[in-house]
Amino acid sequence: MSKNENYYRRVDLPAGELHVFAKDELFEAMGARTLEMANNNLQIPDIRYMSYTPDAHVGVGTCIGTTAVWETERAFVSPSIVGSDIGCGMRVHVTNLKAEDLKDVKLRRKLVKAIEKRLPVENHARGYFSDIRLEDALRKGLHGLPGKYVPDAYTPRKATSLTHVECSRFRFDESWLDRIPEQLWHRSHRQLGTLGGGNHFVEIQAVDIDEGNRRIAEQWGLQDGQVIVMIHSGSRSWGGAVNQYCGSEVAKTMRLLGLGTADPKLAFAPLDSEAGQAYANLMYSALNFAVVNRHLIGYAIRDAFKDTLGAPFEMRTLYDLMHNYAWEERHGDASYFVHRKGATRSLPAGHPDNPAPYASTGHPALIPGSMGTSSYLMVGSPEGARNYYSICHGAGRVRSRNATKQLVTVDEFASSLRIGQDDEIVVNHKGLESIIDESPQAYKDVDQIIESVVGAGLATVVAKCRPMATVKGV
DNA sequence: ATGTCC
């Protein structure tokens, strides 16, 4: 780590201050368009704080990597600063396996096949959980699931399904659900327990503990070489339904109140307006969907492991958390409405908002890398308060899907996954052509992102997680 | 991201 490196700067834009947490070369690579977008977002009335994490890049209306904060009493809510996949986030399960148990590439292939059998990954796929009512999941989150799906039977010594999550149930005014048209409801039926496409994935990884945080790693129950399962998915078409219905409501309100910026795609409304309330309440239903969806993906993977390995198998939940959402948080003595779009909350030890099991360590912050590269388990630092405890959400895209398809060959992609070697990262796609836009060259180097977060003092590394097998949608 | 244009 170079001593003269800067990891933070304040950028004074015409509309206000943008705080950027990134090492110099990452900041310089962000480009003028990211600053233009910040300047538009800073024109939303009464905004109190806005920042970019080092993985920030251009998105629709608002950059992915944004944290934007209002005081709750005069808050605006913005579908653009939540992002299209409401509730998108990460989940990690800790197995009782060691990496050497999965050393045989044939076994990893068998495992990937077993996962595909229980986890629909193709476009338009229906989920297998036909006895779960969509309404119950939307209203009550994990508490709306039948008992058999809260699989603590797999974690006999410790119940972790409901306690080791950022939030097991988002409460909201459920009468807003009636506003969603029947046709949009229909799309979401039987979609719980499906992976989705794009950057969503399930990955089997091996843990490498960082010496500096070995004590915390042990308190989290992690050991070197331990196999974990990392899940990245969101609210599928239900989030889309919420955006579709609320998008037009928010647009109406903006016209009525004469609100807007240079970017017509940047949508926002006062939180206490009719449209703001519609969006906030229905957004919470989508957060419930996303948490339940990742939970059920975990449930399916447990069964796949059990089918493949037999033997006593455990897969307790380490944590589930989001990186596309907005909600109320207390900071100091005041209440704030915090938006995170491609940003992860990372609370330090002792912070009162940690779930009970992580009160004394801080909760795990789950940061995925790109395909073929490592992922990270982080923990927040007290100094993270200066950024409302937001850190990065992953590597961050560096070139478009089309540009990546132009640039990267199938052979290059295959070699980055070490296809054909003993330590091959097994992928569920026979041909890599269809997911070449997810190759590592589409993304920034996650190690540089992590170095920036650590260098800025926002969080520290607890473990680096090496990929062994990956399941992707299309 | 998304039954990615019913």
Side-chain angles (χ1 to χ4, degrees), chain A residues 37 55-66 78-91 119-128 134 137-138 180-202 231-248 250 265-267 279 282-283 285-294 297 321-326 339-344 368 370-371 393-405 433-439 442-443 471-474:
Chain A
M37 296 196 102
D55 49 334
H57 61 97
V58 170
V60 178
T62 302
C63 286
I64 290 108
T66 294
S78 167
S80 308
I81 325 183
V82 168
S84 52
D85 189 4
I86 300 168
C88 187
M90 306 302 304
R91 185 179 185 88
L119 172 64
V121 298
E122 61 277 14
N123 207 356
H124 302 188
R126 303 268 103 176
Y128 294 124
L134 174 61
L138 295 175
I180 301 287
E182 184 55 41
Q183 187 201 351
L184 296 181
W185 275 92
H186 183 71
R187 289 184 187 173
S188 293
H189 278 120
R190 298 268 325 248
Q191 221 180 19
L192 283 164
T194 62
L195 184 63
N199 57 6
H200 291 169
F201 67 83
V202 166
I231 298 163
H232 181 200
S233 191
S235 54
R236 310 290 284 110
S237 71
W238 181 257
V242 170
N243 281 323
Q244 190 173 319
Y245 169 70
C246 294
S248 59
V250 167
K265 291 196 166 155
L266 177 53
Y279 180 72
L282 291 168
M283 173 186 61
S285 77
L287 299 182
N288 280 333
F289 186 108
V291 172
V292 170
N293 191 42
R294 285 189 295 271
I297 291 171
L321 90 184
M322 307 164 290
H323 49 235
N324 281 7
Y325 64 114
H339 295 68
R340 295 193 179 89
K341 180 184 190 182
T344 306
S370 50
M371 275 189 81
H393 84 304
R397 190 161 274 280
V398 73
R399 54 178 57 83
S400 71
R401 294 189 181 277
N402 280 332
T404 308
K405 284 174 190 161
E433 190 75 50
S434 59
I435 53 170
I436 207 157
D437 49 352
E438 285 292 310
S439 84
Y443 289 89
V471 175
K472 293 281 286 183
V474 184

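Protein chains get the first letters and strands the later ones, always in sequence-line order, with residue 1 at the start of each.
Residue A:His124 places none of its side-chain N or O atoms closer than 4.0 Å to OP1 or OP2 of B:dT2.
Counting atom types as modelled, A:Asp85 pairs no side-chain N or O with a base atom of B:dT2 as donor and acceptor under 3.5 Å.
The interatomic distance linking A:Gln244 (CD) with B:dC6 (P) rounds to 9 Å, in whole Å. Going from atom CH2 of A:Trp185 over to atom C1' of B:dT2 covers 18 Å, rounded to whole Å. When rounded to the nearest whole Å, the span between CD of A:Gln191 and P of B:dT4 equals 11 Å. To the nearest angstrom, P of B:dT2 lies 12 Å from CG of A:Asn243. Atom CZ in A:Arg126 sits roughly 13 Å away from atom C1' in B:dT2 (whole-Å rounding). Rounded to whole Å, atom P of B:dT2 lies 13 Å from atom CG of A:Leu192. Between the CG atom of A:Leu195 and the P atom of B:dT2 there is a distance of 8 Å, rounded to whole Å. The interatomic distance linking A:Asn123 (CG) with B:dC6 (P) rounds to 12 Å, in whole Å.
Among the atoms of the strands shown, only primed sugar atoms or phosphate atoms (P, OP1, OP2) are found under 4.0 Å from some heavy atom of A:Gly196. Within the 4.0 angstrom heavy-atom criterion, only backbone atoms of the sugar-phosphate kind lie near A:Arg401; the bases stay farther away. At a threshold of 4.0 angstrom between heavy atoms, the contacts of A:Gln183 with the nucleic acid are absent. Among the heavy atoms of the strands lying under 4.0 Å from A:Gly197 are primed sugar atoms or P, OP1, OP2 only; no base atom is included.
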Next on the checklist: Between A:Ser237 and A:Gln191, does the side chain to side chain donor-acceptor pair (under 3.5 Å) criterion hold? Intermediate values first, please.
Outcome noted: CA-CA 8 Å; A:Ser237 71; A:Gln191 221 180 19; 2.7 Å; yes
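Salt-bridge check for A:Arg401 with A:Glu438: passed, with a basic side-chain N closer than 4.0 Å to an acidic carboxylate O.
No hydrogens or angles considered: a donor-acceptor pair under 3.5 Å links the side chains of A:Arg236 and A:Thr194.
Relative ring orientation between A:His393 and A:His57 is described as parallel, the plane-to-plane angle staying below 30° on a 0-90° scale split at 30° and 60°.
Here the side chains of A:Asp85 and A:His200 are in contact, with some heavy-atom distance below 4.5 Å.
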